[in-house]
Amino acid sequence: MADTKGITPRGEDFSAWYNEVVLAAELADYSPVRGSMVIRPWGYGIWENMQRALDSLFKETGHENAYFPLLIPMSFIEKEKEHVEGFAPELAVVTQAGGKELEEPLVVRPTSETIIYHMYAKWVQSYRDLPILLNQWCNVMRWELRTRLFLRTAEFLWQEGHTAHATAAEAEEEARRMLGIYRRFMEEWIAMPPITGMKTDSEKFAGAVRSYSCEALMQDNKALQAGTSHFLGQNFARQFDLKFQSEEGKEEYAWNTSWGVSTRLIGGMVLTHGDDVGIVVPPRLAPIQVVVVPIWKSVAEGSAVREKAHLLSRLLKDAGVRTRVDDRDHLTPGAKFWEWERKGVPFRLEIGPKDLEKGQVVLVRRVALEGESRKLFLPEGQAVTELPGYLEEFQKGLLEAARKRREANSYRGVADLGEMKEILDGPGGFVYTGWSGDPAVEARVKEETRATVRVIVDPEFRSAEPPRRCIGGGEARMEVVWARAY
RNA sequence: CGGGGUGUGGCGCAGUCCGGUAGCGCGCCUGCUUUGGGAGCAGGAGGUCCCGGGUUCGAAUCCCGGCGCCCCGACCA
């Protein structure tokens with residue numbers, strides 16, 4: 001397994017590894033337009049599985065899908081002061097259409113708060129019209145200076161949920177609920193366990209009162225902001241006149257939330273599980289969970305082995321397993337093995353003449369679970385009945401490994417800037433410290449370490465002992481997690 | 001936007017210093033033999049050498065000016 005043909009090992013140049021592995025797995029390819037990418041079928045299939053899972057989680061919590069337009073009047077974006085300041089530098093603007101200069105420039109949406117709350121204002125009169133719980137799946141555009149496949153592209157696919165509520169408490173609860181759903185999705189589907197918490201003022205969404213975030217630790221010990229949920233207060237409601245009459249007959253502004261995850265999650269999956277051979281796709285996200293590879297020598301063997309491969313594949317499909325038989329005959333088995341491993345298919349089922357004789361199959365995992373061998377020889381009937389269980393076990397194994405790695409690279413109770421620098425310049429990781437809440441300290445530490453506060457950490461992730469000492473001095477009023485981030 | 005690198009068949013590169021009309025590996029096509037970890041042999045297809053000027057009898061190569069892409073930084077809910 002030392003020979004990975006062309007892929008730069010992670011240890012040599014992590015950044016090169018990432019680019020190469022994304023291209024080699026055929027997740028995506030560069031497009032002719034700077035900063036934008038083509039998502040290829042294998043990558044899109046993973047995205048579709050993410051969408052399916054998230055979409056049902058949203059529906060289960062009472063949300064519906066809708067679609068709002070791509071183009072937003074410039075004046076909408078300009079209404080909320082912080083919002084426009086946050087997004088102005090990265091807007092793509094349409095100034096001409098139909099061969100004529102437009103009277104008002106149209107912005108290609110970087111996010112849809114403004115147009116959505118404009119519409120909500122039309123739809124809401126009474127408290128009886130609330131809450132509105134909508135989501136949309138769409139593309140957005142942010143003209144980033146420096147782009148990377150999946151992690152930061154000029155155009156990306158995402159979902160954005162936008163809700164309106166009658167009370168602050170209800171909106172706050174919604175923002176928190178969706179953060180929880182993101183966390184659950186990341187753990188149970190991507191096997192990428194994030195920490196959660198609130199953003200500091202300097203890191204929060206432009207226009208939000210509070211932002212909550214899921215932050216995952218990648219293999220190079222940099223943080224990835226993987227999903228955010230915002231309590232918007234009445235900031236947008238006021239600018240877009242989103243008012244309702246309360247039960248008491250008073251006119252009030254609605255309370256909003258917005259929340260989103262994007263194709264960046266695919267980058268997170270790669271950076272969490274990939275190895276020097278290629279990517280590793282968790283079973284629940286894999287478009288193909290088991291690839292069946294028939295192996296033969298003579299023509300007679302070929303047809304017998306292929307027949308068995310297709311039979312097993314059908315049985316597996318009936319058992320709810322996504323399979324494909326790779327019976328291309330211009331490739332040797334070895335070539336197929338490498339190809340599917342590069343693409344991260346969780347399991348491979350080999351069937352050769354020897355197996356046929358013995359009524360067995362060879363089952364090979366994409367990566368070895370702790371303490372187990374990659375390869376299993378199983379009676380063919382057993383392979384079919386056991387595979388769904390093996391897939392779940394593999395899924396859990398990935399999550400466990402990722403959780404262990406996260407904890408092994410988390411440093412708690414740090415209070416000294418020198419120590420923090422040493423960690424960040426060395427192995428990197430999540431650094432837990434006390435913080436006074438002083439933005440000047442935050443800025444200074446960022447300046448000196450190039451790390452940012454990822455979150456003011458939620459109770460569940462806090463250290464057993466609340467920090468007494470504080471980074472940058474002052475009284476430790478909260479615990480925060482620092483890291484260098486994507 | 002600053003620094004660095006790079007641009008030559010689909011991909012990866014050599015050739016550039018020292019000018020003479022383009023080559024290697026992989027991939028692709030055809031045929032035969034193969035197939036338990038990236039198959040072998042034989043034959044074949046495929047290139048405005050990033051673009052525009054200039055020098056020259058002649059430019060992938062030298063000169064001038066652009067552009068693209070990648071990496072690092074700045075920037076980036």
Side-chain angles (χ1 to χ4, degrees), chain A residues 1-8 13-20 23-24 29-37 80 82-83 85-91 110-113 140 142-149 151-154 156 158 160 198-215 225-232 258-262 264 277-278 293-299 301-302 305-306 326-342 348 350-356 360-362 364 374-375 377 447 450 452 484-486:
Chain A
M1 206 105 107
D3 177 16
T4 55
K5 263 210 178 148
I7 293 176
T8 305
D13 182 344
F14 195 81
S15 187
W17 167 81
Y18 176 80
N19 289 331
E20 289 169 19
L23 295 173
D29 202 353
Y30 294 105
S31 89
V33 178
R34 189 199 71 87
S36 60
M37 65 173 176
E80 215 286 337
E82 281 186 29
H83 195 61
E85 281 171 8
F87 283 105
E90 45 187 274
L91 293 179
T111 178
S112 304
E113 275 77 7
V140 288
R142 300 177 187 182
W143 211 258
E144 302 285 355
L145 290 176
R146 191 173 158 203
T147 59
R148 308 196 58 189
L149 293 167
L151 298 171
R152 178 170 289 107
T153 45
F156 56 92
W158 77 343
E160 47 180 328
M198 193 169 80
K199 286 289 185 186
T200 63
D201 279 351
S202 74
E203 297 279 328
K204 74 176 162 67
F205 174 69
V209 173
R210 283 190 286 279
S211 289
Y212 301 105
S213 177
C214 290
E215 300 280 329
Q225 180 173 300
T228 48
S229 181
H230 314 288
F231 172 71
L232 303 174
S258 68
W259 27 275
V261 294
S262 70
R264 172 181 263 198
V277 174
V293 181
I295 299 160
W296 66 89
K297 283 198 168 64
S298 66
V299 175
E301 276 172 1
V305 150
R306 269 188 262 217
D326 185 354
D327 56 5
R328 291 176 292 178
D329 65 2
H330 64 287
L331 293 177
T332 58
K336 295 176 188 176
F337 298 167
W338 287 106
E339 178 176 331
W340 293 111
E341 284 179 20
R342 198 159 54 229
R348 167 175 86 235
E350 303 172 16
I351 307 170
K354 281 183 251 167
D355 304 310
L356 218 54
Q360 70 167 26
V361 295
V362 182
V364 186
R374 275 186 73 199
K375 217 177 244 199
F377 297 86
E447 176 77 29
R450 288 191 294 124
T452 47
R484 290 191 185 143
Y486 275 97

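Letters A, B, ... are given to chains in the order of the sequence lines, protein chains preceding strands, and every chain is numbered from 1.
Between the side chain of Glu203(A) and the base of A77(B), no donor-acceptor pair under 3.5 Å is found. One donor-acceptor pair, N or O on each side, does fall under 3.5 Å between the base of G37(B) and the side chain of Arg348(A). On a pure distance criterion of 3.5 Å, a polar donor-acceptor pair joins the side chain of Glu341(A) and the base of G37(B).
As judged by a 4.0 angstrom heavy-atom cut-off over every strand, Trp340(A) is placed among residues making no nucleic acid contact. Across all strands, Val362(A) comes closer than 4.0 Å to base atoms (heavy-atom distances). Residue Glu90(A) is in sugar-phosphate contact alone, with no base atom involved, counting any heavy-atom pair closer than 4.0 Å across all strands shown. Counting any heavy atom pair closer than 4.0 Å across all strands shown, Ser15(A) reaches sugar-phosphate atoms only and no base atom. Among the heavy atoms of the strands lying under 4.0 Å from Gly86(A) are primed sugar atoms or P, OP1, OP2 only; no base atom is included. At the heavy-atom level, Lys199(A) lies nowhere under 4.0 Å from the strands shown.
Residue order along RNA chain B, read from the 5' end via each residue's closest nucleotide, puts Ala16(A) first among Pro110(A) and Ala16(A). Nearer the 5' end of RNA chain B, as judged by each residue's closest nucleotide, is the contact made by Tyr30(A), out of Tyr30(A) and Leu145(A).
One interatomic measurement links the two molecules: OH of Tyr486(A) to P of C71(B), which rounds to 11 Å at whole-angstrom precision. If you take OH of Tyr18(A) and P of C71(B), they are 11 Å apart, rounded to a whole angstrom. We find that CD of Glu85(A) is positioned 16 Å from C1' of C75(B), with the value rounded to whole Å. If you measure from atom CD1 of Ile7(A) to atom P of C11(B), you get 17 Å, rounded to the nearest angstrom. Rounding to whole angstrom units, CD of residue Glu447(A) and C1' of G73(B) are separated by 13 Å. Between the CG atom of Leu151(A) and the P atom of C71(B) there is a distance of 10 Å, rounded to whole Å. In this structure, Lys375(A) places its NZ atom 8 Å from C1' of G37(B), rounding to the nearest Å. The CD-C1' distance, from Glu339(A) to G38(B), rounds to 11 Å in whole Å.
The phosphate of G73(B) has OP1 or OP2 within less than 4.0 Å of a side-chain N or O from Arg450(A). Residue Asn19(A) has no polar side-chain atom (N or O) positioned under 4.0 Å from OP1 or OP2 of C70(B).
No donor-acceptor contact under 3.5 angstrom links the side chains of Thr147(A) and Thr153(A), judged on distance only.
Proximity of Val305(A) to Ile295(A): side-chain heavy atoms (C-beta onward) are nowhere separated by under 4.5 Å. In this structure, the side chains of Asn19(A) and Tyr30(A) come closer than 4.5 Å at one or more pairs of heavy atoms. Contact annotation: the side chain of Val361(A) never approaches that of Asp355(A) to less than 4.5 Å [non-hydrogen atoms, C-beta and beyond].
Between Thr111(A) and Val140(A), the shortest heavy-atom contact is N-CG1, 4.1 Å.
Ring geometry, Trp17(A) versus Phe14(A): the interplanar angle falls from 30° to 60°, so the pair is classed tilted.
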Revision key, fill the gap. Secondary structure of RNA chain B per the Watson-Crick/G-U criterion (both distances under 3.5 Å; [ ] crossing, | other strand, . unpaired) is ((((((((.[[[[.)....(..]]]].((((((.....)))))).....[[[[[..)....]]]]])))))))....
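As rounded to the nearest Å, G12(B) and G31(B) have C1' atoms that lie 28 Å from one another. The C1' atoms of C67(B) and C51(B) are separated by 7 Å, rounded to the nearest whole Å. Nucleotides U61(B) and G2(B) are separated by 31 Å at their C1' atoms, to the nearest Å. A gap of 35 Å separates the C1' atoms of A14(B) and C1(B), to the nearest Å. As rounded to the nearest Å, C70(B) and G43(B) have C1' atoms that lie 38 Å from one another. Taking atom P on both G27(B) and C71(B), the two are 27 Å apart, rounded to the nearest angstrom. A distance of about 15 Å separates the P atoms of A45(B) and A22(B), rounded to the whole Å. If you take atom P in G47(B) and the same atom in G9(B), they sit 11 Å apart, rounded to whole Å.
We find that Glu341(A) and Lys336(A) are not joined by a salt bridge, their nearest charged nitrogen and carboxylate oxygen being 4.0 Å or further apart.
No donor-acceptor distance shorter than 3.5 angstrom exists from the side chain of Glu90(A) to the backbone of Glu144(A), with no hydrogens or angles considered. In this structure a side-chain-to-backbone donor-acceptor pair under 3.5 Å is missing from Tyr486(A) to Arg152(A). Between the side chain of His230(A) and the backbone N or O of Ala208(A) there is no donor-acceptor pair closer than 3.5 Å. No donor-acceptor pair closer than 3.5 Å links the side chain of Glu215(A) to the backbone N or O of Ala226(A).
When distances are taken from the side chain of Phe156(A) to each of A77(B), G37(B), C1(B), the shortest belongs to A77(B). Nearest to the side-chain atoms of Asp355(A) among the listed nucleotides G36(B), G38(B), A77(B) stands G36(B). For Glu144(A), taking side-chain heavy atoms from C-beta onward, the closest of the listed nucleotides G38(B), C76(B), C71(B) is C76(B). With C76(B), G37(B), C71(B) as the choices, the nucleotide that has an atom nearest any side-chain atom of Arg152(A) turns out to be C76(B).
By the 5.5 Å and 30° criteria, Phe337(A) is not stacked with the base of G37(B).
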**Study point:** side chain to side chain contact (heavy atoms under 4.5 Å, CB included) evaluation trace for Glu350(A) with Phe337(A)
**Key:** CA-CA 10 Å; Glu350(A) 303 172 16; Phe337(A) 298 167; 3.6 Å; yes
Short heteroatom pairs, N/O only, protein and nucleotides 25-35 of chain B, under 3.5 Å:
| unit_1 | atom_1 | unit_2 | atom_2 | d |
| --- | --- | --- | --- | --- |
| U35(B) | O2' | Trp296(A) | O | 3.0 |
| U35(B) | O2 | Leu331(A) | O | 3.4 |
| U35(B) | O4 | Trp296(A) | NE1 | 3.0 |

